[in-house]
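Note that this is a predicted model, so its numbers are computed, not measured. Counting starts at 1 for both ligands and their atoms, in listed order.
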Amino acid sequence: MHQTSNFLHIEHIGIAVQDLAEANERYTRLLGTAPYKSETVESQGVTTSFFMVGPNKIELLQGLSPESPISKFIANRGEGIHHIAYAVADIKVEMERLRAEGFRLLSDAPSPGADNKLICFVHPKDANGTLTELCQEQNL
Ligand code: ZN
C-alpha cells in the first residue's frame, strides 16, 4: 500500500543553543564546514544559522530574549534538539489536513521563517514529544 504524502523530506533539524557564536564555532569544528547562512527572524524571536551536511541541513537557534520560545525551551530542558522540520509541497493544504486529523497547530496561518520559508508548527504533545515544523519554500 502506498499513499501519496505531501511531506517531501526532512528539511532540517533545529537545535536550541544558548550562545550562537559559540555554537557556530563548535559546529564548524564538528561538521568540518562553516554555516552557509545566518539570519535573524524577529517575528520568531530567534537568530539562526544553517549548516549543510550533504543533502541535509542543521539549524542552530538562539533566542533573542528570555521570552523567546527558544530561551524558554533551554530554561526548561537545556540545550538540544528543538524541532524536526519537514518540507511540504503545500503548507496550507497540509495545515488543513492536519487540523482535520485533530492535530493542534501553533498558528492559524503559515508565517515567514528563516531560510526563505513559510512555516508552521505542530504541537509537540501531538507528535510524541517532538515539536514538528512544516515548511514550504517561498516563491521569490
Ligand atoms: Zn526550523
Q: Give a yes/no answer: is there an N/O/S atom of His82 under 2.8 Å from the Zn ion (ligand 1)?
A: no

Q | the Zn ion (ligand 1) contact by Glu59, N, O or S atom under 2.8 Å | A | yes

**Q.** His83 and Glu59, any side-chain heavy atoms less than 4.5 Å apart
**A.** yes

Q.
Just so I know, are the side chains of Arg26 and Val17 near enough to count as touching, which here means a heavy-atom distance under 4.5 Å?
A. no

Q) Can you find a pair of side-chain heavy atoms, one from Tyr27 and one from Ile15, that are under 4.5 Å apart? A) yes

Q: Using the six-membered ring wherever Trp is involved, compare the ring planes of Tyr36 and Phe50 and label them parallel, tilted or perpendicular (cut-offs 30° and 60°).
A: tilted

Q. Of the backbone and side-chain N, O or S atoms of Glu133, does one lie nearer to the Zn ion (ligand 1) than 2.8 Å?
A. yes

Q.
Let me check your reading of the structure: within less than 2.8 Å of the Zn ion (ligand 1), is there an N/O/S atom from His12?
A. yes

